[in-house]
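Below is one structure, written out as structure tokens; the observations come after it.
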Amino acid sequence: GKDDWLRGKLFPPDVIMKHQSALALTDAQRKTIRAELTALQGKVATVDWDIMEAGLEVQEQISRLPVDRAAVLARAERVFEAENRKKRAWLEMLINIKNQLTPEQVAYLAKVAAEEPPK
């Protein structure tokens, strides 16, 4: 899939929580994961709104005849920038979570990722 380059290196919170017993997560680790996920959700909600607004502007521009190429591309750039902010926030969360895990926990999750079929 599109995120294969992260596979076995960074781990989504749902995968970690699915294996929390085998990982022997501490309360502090669970709290950190929850805090990171909550912070991400707040950021993503704002960015999703930005994407929606910019997308509507693109739709409006491409509905016109003739289509103003420069105006469409400028507004589309706002969509791309917002999408990149969303991806960056997700990556930042994954890094912050991984930094809370022990080397043994990371090794276990890497093994789990290797055994699961790609999405």
Side-chain angles (χ1 to χ4, degrees):
K2 63 181 174 137
D3 294 330
D4 275 352
W5 60 282
L6 298 175
R7 188 178 175 85
K9 308 216 178 355
L10 295 174
F11 315 100
D14 61 318
V15 172
I16 294 171
M17 296 312 287
K18 179 178 171 184
H19 297 277
Q20 65 180 309
S21 294
L23 292 168
L25 286 182
T26 66
D27 287 339
Q29 287 173 316
R30 271 192 286 282
K31 275 185 175 178
T32 298
I33 292 168
R34 179 179 289 214
E36 287 291 334
L37 190 54
T38 301
L40 175 72
Q41 288 169 337
K43 289 177 190 174
V44 167
T46 301
V47 173
D48 280 343
W49 191 263
D50 293 343
I51 291 169
M52 185 175 58
E53 285 182 336
L56 290 172
E57 290 175 6
V58 169
Q59 287 177 357
E60 179 184 316
Q61 287 294 319
I62 61 176
S63 296
R64 297 179 181 173
L65 279 175
V67 175
D68 181 341
R69 180 177 169 270
V72 170
L73 293 176
R75 283 165 178 80
E77 189 63 32
R78 288 183 48 213
V79 173
F80 303 148
E81 289 170 359
E83 288 172 343
N84 283 335
R85 286 196 318 268
K86 188 174 180 177
K87 290 174 186 176
R88 180 185 169 91
W90 177 254
L91 182 60
E92 187 176 5
M93 178 201 64
L94 293 177
I95 292 167
N96 290 343
I97 289 172
K98 182 176 182 177
N99 285 339
Q100 297 300 310
L101 301 173
T102 66
E104 295 79 16
Q105 290 169 325
V106 170
Y108 176 87
L109 290 166
K111 181 180 173 213
V112 166
E115 292 171 355
E116 291 182 359
K119 293 180 181 177

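Computed from a predicted structure; not experimentally measured. Side-chain atoms are counted along with the backbone in the values below, which use heavy atoms only and exclude waters and symmetry mates.
- In this structure the side chain of Leu101 never reaches within 4.5 angstrom of the side chain of Leu23, judged on heavy atoms.
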Below 3.5 Å, can you tabulate the donor-acceptor pairs from side chains in residues 68-75 to any protein atom, sequence neighbours excluded?
unit_1, atom_1, unit_2, atom_2, d
Asp68, OD1, Ala70, N, 3.2
Asp68, OD1, Ala71, N, 3.2
Arg75, NH1, Ala71, O, 3.4

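- To the nearest 0.5 Å, the span separating CG on Leu109 from CG on Leu10 amounts to 11.0 Å.
- When side chains are defined from C-beta on, Gln100 does not count as touching Ile33, because their heavy atoms never get closer than 4.5 Å.
- For the atom pair CG (Leu56) and CD1 (Ile51), the distance works out to 12.0 Å, reported to the nearest 0.5 Å.
- In this structure, the side chains of Met93 and Pro13 come closer than 4.5 Å at one or more pairs of heavy atoms.
- When all heavy atoms are compared, the tightest approach of Ala82 to Asp50 is CB-CB, 4.3 Å.
- With a 4.5 Å cut-off on side-chain heavy atoms, Phe11 and Val112 do not count as touching.
- Applying the side chain to side chain donor-acceptor pair (under 3.5 Å) criterion to Asn96, with sequence neighbours excluded, gives Glu36.
- The two residues Ala76 and Val58 have their closest heavy-atom pair at N-CG2, 3.5 Å.
- A donor atom on one side chain and an acceptor atom on the other are found under 3.5 Å apart for Gln105 and Gln29.
- Atom NZ of residue Lys86 and atom CH2 of residue Trp90 lie 10.5 Å apart, to the nearest 0.5 angstrom.
- Every residue was checked against the side-chain contact (heavy atoms from CB on, under 4.5 Å) condition with Arg88, not counting sequence neighbours, and none meets it.
- Residues Leu94 and Pro12 come closest through the heavy atom pair CD2-CA, 3.7 Å.
- The shortest distance between side-chain heavy atoms of Ile97 and Leu37 does not fall below 4.5 Å.
- In this structure Glu57 satisfies the side chain to side chain donor-acceptor pair (under 3.5 Å) test together with Arg78, sequence neighbours excluded.
- Note on residues 16-33: pairs passing salt bridge (charged side-chain N to carboxylate O under 4.0 Å, His left out), not counting sequence neighbours, are Asp27-Arg30.
- Separation of atoms CD (Gln41) and NZ (Lys43) is listed at 12.0 Å; rounding is to 0.5 Å.
- Trp49 and Phe80 fall into different hydrophobic clusters, where Ile, Leu, Val, Met, Phe, Trp and Tyr side chains are chained together by heavy-atom contacts under 4.5 Å.
- Interatomic distance, Glu83 CD to Asp48 CG, rounded to the nearest 0.5 Å: 9.5 Å.
- With values rounded to the nearest 0.5 angstrom, Asn99 atom CG is found 7.5 Å from Ile95 atom CD1.
- Applying the side chain to side chain donor-acceptor pair (under 3.5 Å) test to Glu92 and every residue at least two apart in sequence or in another chain returns nothing.
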